[in-house]
> 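Before anything else, here's the structure in question.
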Amino acid sequence: MQEIEAKKQLKASEGAHFFYTLIFLSASGIIETQFIEQKCNQNLQLFVHLVFYGLIIWGTYILITLIPRYKNAAINLFFNFLDICFGIYIALLLFYGGRMYMAPNDCQSEAPALYFFLETFLLVNGIIFAILFLAFVSYVLKRFSKSQQVYEEGKDEFYDA
């Protein structure tokens with residue numbers, strides 16, 4: 001039994017993950033090579049390191065899962081678990097970066113490249129998590145509203161179940 005086959009086409013979310021990873025990995029790589037020596041009273045270097053090395057691991061995962069399609073349910077479950085783990089990792093980075101951003105600091109003048117990367121990371125990921133949160137709330141509301149009402153075809157109306 002063949003466990004792996006080629007994908008016919010990519011899903012939109014896979015393309016979005018790929019470009020997200022490519023953009024932030026490139027940006028953090030440039031900062032790692034050219035601007036990491038900038039210092040301020042916050043540890044922005046650690047933040048950039050966490051983003052860079054986390055995205056290297058995530059990029060490897062994306063390359064492993066981008067082309068082949070796995071038929072084994074256990075492998076797919078494991079990959080779904082890794083997706084959730086990455087989401088939690090990015091959420092924790094968002095929280096950590098937000099704490100550094102809100103704390104009084106001199107990073108805007110002392111380490112402008114690192115601070116701009118932090119601002120960009122917070123903005124992009126904040127918007128992404130806001131969209132995901134709204135999608136989740138919409139799903140929950142839609143789910144509960146459909147389970148409470150039943151459509152009666154003859155009368156073209158809804159009534160409570």
> Could you check whether any side-chain heavy atom of Leu63 comes within less than 4.5 Å of a side-chain heavy atom of Trp58, counting everything from C-beta outward?
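Not touching, per the 4.5 Å side-chain cut-off.
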> Hey, does Tyr89 have a side-chain heavy atom less than 4.5 Å from the side chain of Val51?
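No, every pair of side-chain atoms sits at 4.5 Å or beyond.
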> Any heavy-atom pair between the side chains of Glu37 and Gln45 that's under 4.5 Å?
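Not touching, per the 4.5 Å side-chain cut-off.
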> Supply the atom-to-atom distance Cys85 SG to Phe79 CZ, rounded to the nearest 0.5 angstrom.
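CZ of Phe79 is found 13.0 Å from SG of Cys85.
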> I'd like to check Gln38 versus Leu44 (side-chain heavy atoms, cut-off strictly below 4.5 Å). Are they in contact?
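With C-beta onward as the side chain, the pair stays apart.
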> Rounded at 0.5 Å granularity, tell me how far CD1 in Ile62 sits from CG in Leu82.
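Answer rounded to 0.5 Å: 11.5 Å.
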> Start with the C-alpha gap between Leu118 and Phe121, add the side-chain angles, then the distance that decides, and say whether side chain to side chain contact (heavy atoms under 4.5 Å, CB included) holds.
CA-CA 5 Å; Leu118 173 67; Phe121 184 86; 5.6 Å; no
> So, for Phe52 and Phe24, is the gap between ring centers shorter than 6.0 Å?
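Ring-ring flag for Phe52/Phe24: false, centres at least 6.0 Å apart.
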> Could you report the tightest heavy-atom contact between Gln42 and Cys107, atom names first, then the distance?
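Looking at all heavy atoms of both residues, the closest pair is CB-SG, 3.7 Å.
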> When rounded to the nearest 0.5 angstrom, what distance separates CZ in Phe78 from CG in Asn72?
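Spacing of CZ (Phe78) from CG (Asn72) equals 12.0 Å.
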> Side-chain contact, heavy-atom cut-off 4.5 Å: Val137 with Val140?
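SC-SC contact between Val137 and Val140 ruled out.
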> Donor-acceptor pair, Asn41 side chain versus Asp106 backbone, under 3.5 Å?
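Checking the backbone N and O of Asp106 against the side chain of Asn41, a donor-acceptor pair under 3.5 Å is found.
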> Give a yes or no answer on whether the side chain of Tyr139 reaches the backbone of Leu134 with a donor-acceptor pair at less than 3.5 Å.
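The answer is no, because no donor-acceptor pair under 3.5 Å joins these two groups.
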> Is the side chain of Asp83 donor-acceptor paired with the backbone N or O of Phe81 at a distance under 3.5 Å, no angle test?
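Not confirmed, Asp83 side chain does not pair with Phe81 backbone.
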> Do Phe35 and Val48 pass the side chain to side chain contact (heavy atoms under 4.5 Å, CB included) test, and can you show the C-alpha distance, the side-chain angles, and the key distance before you say yes or no?
CA-CA 10 Å; Phe35 301 105; Val48 172; over 6 Å; no
> Measuring from atom OG1 of Thr65 to atom CZ of Phe18, what distance do you get when rounded to the nearest 0.5 angstrom?
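Answer for the OG1-CZ pair, Thr65 versus Phe18, is 11.0 Å.
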> Between OH of Tyr96 and CG of Leu122, what distance do you get to the nearest 0.5 Å?
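Taking OH in Tyr96 and CG in Leu122, the distance rounds to 12.0 Å.
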> May I ask whether Leu46 and Ile90 are part of the same hydrophobic cluster, defined by side-chain heavy atoms of I, L, V, M, F, W, Y residues being less than 4.5 angstrom apart, directly or through others?
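Yes, it is one cluster - the side chains of Leu46 and Ile90 are joined through contacts under 4.5 Å.
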> Using 30° and 60° as the class limits, which term best fits the ring planes of Tyr115 and Tyr101: parallel, tilted or perpendicular?
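Taking Tyr101 first and then Tyr115, their aromatic rings lie parallel (interplane angle under 30°).
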> So, the side chain of Asn105 versus the backbone of Cys40: is there a donor-acceptor pair under 3.5 Å, distance only?
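Such a contact is absent between Asn105 side chain and Cys40 backbone.
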> Measure across Phe129 and Gly87 and return the closest heavy-atom pair with its distance rounded to 0.1 Å.
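Scanning both residues, the minimum pair turns out to be CZ-O, 3.6 Å.
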> Return the OG1 to CG distance between Thr60 and Leu55, rounded to the nearest 0.5 Å.
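Spacing of OG1 (Thr60) from CG (Leu55) equals 10.5 Å.
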> Tyr20 and Asn125: side chain to side chain contact (heavy atoms under 4.5 Å, CB included), yes or no, with the steps?
CA-CA 10 Å; Tyr20 170 88; Asn125 286 294; 2.8 Å; yes
> Of all the heavy-atom pairs spanning Leu93 and Phe47, show the shortest one and how long it is.
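Result for this residue pair: O-CE1, 3.5 Å.
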> How about Leu22 and Leu25: do any of their side-chain heavy atoms sit closer than 4.5 Å?
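No; the side chains remain at least 4.5 Å from each other.
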> Side chains of Tyr53 and Ile56: closer than 4.5 Å at any heavy-atom pair?
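The answer is yes; the side chains approach within 4.5 Å.
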